[in-house]
Structure formats: C-alpha cells, structure tokens
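Below, each value reflects all heavy atoms present in this structure, side chains not excepted, and no hydrogens, waters or symmetry copies.
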Amino acid sequence: MLKNASLLITGGTGSFGKTFVPATLKKYDPKNIIIYSRDEMKQWNLANELGQHPKVQFVIGDVRDKERLHRVLDGVDFVVHAAATKIIPTAEYNPFECIKTNIGGAMNLIDACIDQNVKKLVALSTDKASNPINLYGATKLAADKLFTAANATGQTDQTAFSVVRYGNVMGSRGSVIPFFLSKRDSAKLPITDVRMTRFMISLEQGIELVWHAFDDMKGGEIYVKKIPSMRVVDIAKAIAPKASHDIIGIRPGEKIHEQMIGQEDAVCTYEYDEHYKILPMIHNWYKDKARIGEGRLVAEDFVYSSETNKQWLTIEELQAWIDDNMQKMRLI
C-alpha cells in the first residue's frame, strides 16, 4: 500500500519518526516522506543522520497552523500523526498549550486531510487515553474520539482515520530506561512507587502496528498491540543491580499502573493473534463484519492493564534488549 506513495509524518523528528522513516523507506520504497515539525535543529540533525536522503523532505510547521497543514498535505496519500505535547507535568502546568496542540491540532489535521483527499491517517495514541487521570491523557482521549468520529463527517468517502495505542516505548526520549541508564553508576535510583508497572513496547513493534493499521483499517478502529508488562523496580534492577532505591512518590497526574483498554470498551473490543481492536460504537460500527474480520469479542469484564497482564518481561530479557540497543538509544 505504501509503495510509491507520498507520506507525511507530523512530529517526525521524535523517537518514533527517527525509526519509522528509515524503516519505511527500506520496506516500502515510497515516493517520498515529508517530515512536518517545528524544530529546525532537530530537522537538520535528522537530515544528516539520514544522509540527506533524496526521498525525505523537511517542512517547518505546526499542527496548530491549519493553513500550513492544508498547503503541505497537497498530494499526500498517507499521514502518520505523531505530534503531541506528551510530558505529563508539562501538560499539567501548561494546560492551554497542551489542549491547543493535542486537541486543536487534531481538529486542524482532520479538516486538512479531508480537504486534500488524503487516503488514510493513523494517529499515535497512548495508554494514558484509557481512563485518563491527567490532562495529557484527557487530551489524547479527546483526539482519539475526534479521529474516530471524523470517519462519519459525510463530507468525503476518500479519507479514513484510525488510531494505534501503546504504552511505554522502550528507550525512547523521556522513557524510564534512558533515565535509569544515565544514573546507573550512582548508588541510588529514584523510584516513584514500588508497586508501579508499565507496558513495554519497542519502537519497531510500534512501527509494525502502524503499518498493520494502514493495511487493515476501514476507519474508526483503535489498534492495541499485545505487549509484556514489567515492574519499574525490576527495570531498575536490570539496569543497575547493585543500586539501592530511593522512593520519591508519584508525579502529578501519574498512574501506578497503565491501562490500554478499559472495561467500558469491552463490549466493542475484539482480540486477534497479536493485537486488540477497539471498534467505535457510533453508527454500530462495532458490529460491522468488515471491521471485525477474524476478531473474537473479548469477555464483558475484560480490562487490558499492565498490572493484570498475562505477559511479563523478565530482568534478563530486558538486559539483553538493552545490550542490543544501547547505540540506538543514544541516537534517539
């Protein structure tokens, strides 16, 4: 599907974009990939990392700027929406700015994609959008709802919108693994809460989920990858086995456990071999056989939480992953 196509990725200089762009170039050989983001220095650095690739174009712009989006989406076939205000404390202390980017930006992108007849858009979501307790999660839930409802505008039959949702991306900027690695030689590692658990997904797994969504989507689906959980204290032990732990308490808006599918969504959630799919209840799309495919409806009390997950990553498995990805983490 992506071969010889024109792609645009918002927020494309982040950890996801840095891995998605070269992987997609190699696997699909698209016509071109447009990196749309605000930071010129990050664009310059990524351009150099990619060796000034002839199929990669860098465009300065903000998802808050609807006119700029409209212009840059001319001729684009597929969009990956990765731009967001993501740091939880930043969102808590700067709520207006978070809303402008995460909700207003989503609205602008939806309108611009419809106006320019983009074929498909896949938006990146987060576990924080399921039963949100912080502003970041609330804005991402609102964005998920916007992208779902955008399929029912009646204005076009040409643009489909879907969402992929996953938890802690291993080794990405701002994640706990690089943070612990930066302090591995100290005597103590700060731990927010000894009970805390997190889902663990690699950037490569996240990218494969986006590729799958483009191939499978009809519009309105939320794709959730099946991934393992890990206790934060075990992450610390894997990185610095001899360090003691300094319990500092959770940050404003932080959860003890991550949740990607709540019980309220069980009625419209279907299970597949490697992922779940939450289908929208609007227009009874959760009963649509074309969207369900080979999926199996989950139990009515189903919850997908890092605390009750059946799949767990061991300390040894994480240590092996870190050894294999140390150089890559320095680049992202």
Side-chain angles (χ1 to χ4, degrees), residues 1-3 5 7 9 20 24 28 76-82 106-107 109-111 113-114 116-132 140-167 199 201 205-227 259-305:
M1 177 178 295
L2 302 181
K3 186 174 178 61
L7 285 76
I9 175 170
F20 175 84
T24 302
Y28 291 102
V76 170
D77 300 304
F78 302 100
V79 173
V80 179
H81 179 44
M107 295 171 66
L109 190 55
I110 288 167
D111 283 341
C113 285
I114 291 173
Q116 293 290 19
N117 294 316
V118 170
K119 294 176 183 177
K120 293 183 177 182
L121 176 145
V122 173
L124 307 189
S125 186
T126 169
D127 58 277
K128 312 299 187 297
S130 179
N131 189 27
K140 293 301 285 185
L141 175 60
D144 290 356
K145 296 290 187 181
L146 287 168
F147 286 116
T148 295
N151 294 279
T153 61
Q155 299 178 36
T156 180
D157 294 326
Q158 296 188 25
T159 307
F161 300 87
S162 287
V163 173
V164 298
R165 179 185 292 173
Y166 45 74
F199 284 110
I201 185 172
Q205 288 175 312
I207 289 164
E208 289 171 357
L209 185 61
V210 170
W211 288 340
H212 174 74
F214 275 127
D215 184 59
D216 178 79
M217 61 187 281
K218 306 299 180 185
E221 304 92 342
I222 297 177
Y223 295 86
V224 179
K225 179 76 173 175
K226 291 181 178 179
I227 51 178
Q259 176 181 293
M260 288 201 283
I261 304 174
Q263 185 174 339
E264 298 79 7
D265 287 323
V267 67
C268 53
T269 297
Y270 294 83
E271 182 177 3
Y272 304 80
D273 289 343
E274 297 185 358
H275 67 281
Y276 299 97
K277 191 190 298 184
I278 305 171
L279 297 181
M281 298 194 73
I282 59 173
H283 304 289
N284 287 324
W285 283 342
Y286 72 108
K287 298 179 181 178
D288 179 25
K289 292 183 179 179
R291 287 178 169 84
I292 296 170
E294 300 299 321
R296 307 171 295 277
L297 186 66
V298 301
E300 62 181 12
D301 61 347
F302 175 78
V303 174
Y304 193 36
S305 168

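Minimum heavy-atom separation, Ala299 to Ala266: O-CB, 3.5 Å. Closest heavy-atom contact between Val163 and Ser125: CG1-CB, 3.4 Å. Of all the heavy atoms in Ala129 and Asp144, the pair that sits closest is CB-OD2, 3.6 Å. Considering all non-hydrogen atoms of both residues, Thr269 and Leu297 come closest at O-CD1, 3.4 Å. Between Tyr166 and Gly206, the shortest heavy-atom contact is CE2-CA, 3.9 Å. Counting all heavy atoms, side chain and backbone alike, Met217 lies closest to Lys120 at O-NZ, 3.6 Å.
Between Leu146 and Met107, some side-chain heavy-atom pair lies under the 4.5 Å cut-off. The closest side-chain heavy-atom distance from Val80 to Leu124 is below 4.5 Å. By the 4.5 Å heavy-atom criterion applied to side chains, Leu141 and Lys145 are counted as neighbours. Under the 4.5 Å side-chain criterion, counting only non-hydrogen atoms from C-beta, Glu271 is not in contact with Phe302. The closest side-chain heavy-atom distance from Asp288 to Leu279 is not below 4.5 Å.
Taking the six-membered ring for Trp and thresholds of 30 and 60 degrees, Trp285 and His283 have ring planes inclined between 30 and 60 degrees apart. Between Trp211 and Phe20, the two ring planes are tilted [angle within 30° to 60°].
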> Between Phe147 and His81, does a side-chain contact (heavy atoms from CB on, under 4.5 Å) hold up when you go through it step by step?
Replying inline: CA-CA 11 Å; Phe147 286 116; His81 179 44; 3.5 Å; yes
>> Show, in sequence, the C-alpha distance, side-chain angles and deciding distance for Glu300 and Val267, and conclude whether the side-chain contact (heavy atoms from CB on, under 4.5 Å) test is met.
In response: CA-CA 6 Å; Glu300 62 181 12; Val267 67; over 6 Å; no
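Taken to the nearest 0.5 Å, the OG1 atom of Thr126 stands 11.0 Å off from the CZ atom of Phe199. To the nearest 0.5 Å, atom CD1 of residue Ile292 and atom SG of residue Cys268 are 10.5 Å apart. Summarising the geometry, atom CD1 belonging to Ile201 is positioned 9.0 Å from atom CD belonging to Glu208; distances are rounded to the nearest 0.5 Å. Rounding to the nearest 0.5 Å places CD1 of Ile114 at 10.0 Å from CG of Leu109. Summarising the geometry, atom NE2 belonging to His275 is positioned 3.5 Å from atom NE2 belonging to His212; distances are rounded to the nearest 0.5 Å. Atom CZ in Arg291 sits 11.0 Å away from atom CG in Asn284 (nearest 0.5 Å).
In terms of the side-chain contact (heavy atoms from CB on, under 4.5 Å) criterion, residue partners of Ser130 (sequence neighbours excluded) are, by chain and number, Arg165, Gln259.
Asn117 places no side-chain N or O within 3.5 Å of a backbone atom of Cys113 that could act as its donor or acceptor partner. A donor-acceptor pair is defined here as one N or O able to donate and one able to accept, closer than 3.5 Å; such a pair exists between the side chain of Lys226 and the backbone of Tyr272.
Screening residues 213-224 for side chain to side chain donor-acceptor pair (under 3.5 Å), with sequence neighbours left out, gives Ser162-Glu221, Asp216-Tyr223, Asp216-Lys277.
When each of Phe78, Phe161, Tyr28 is tested with Phe214 by the rule ring pair (Phe, Tyr, Trp, His ring centres under 6.0 Å), just one qualifies, namely Phe78.
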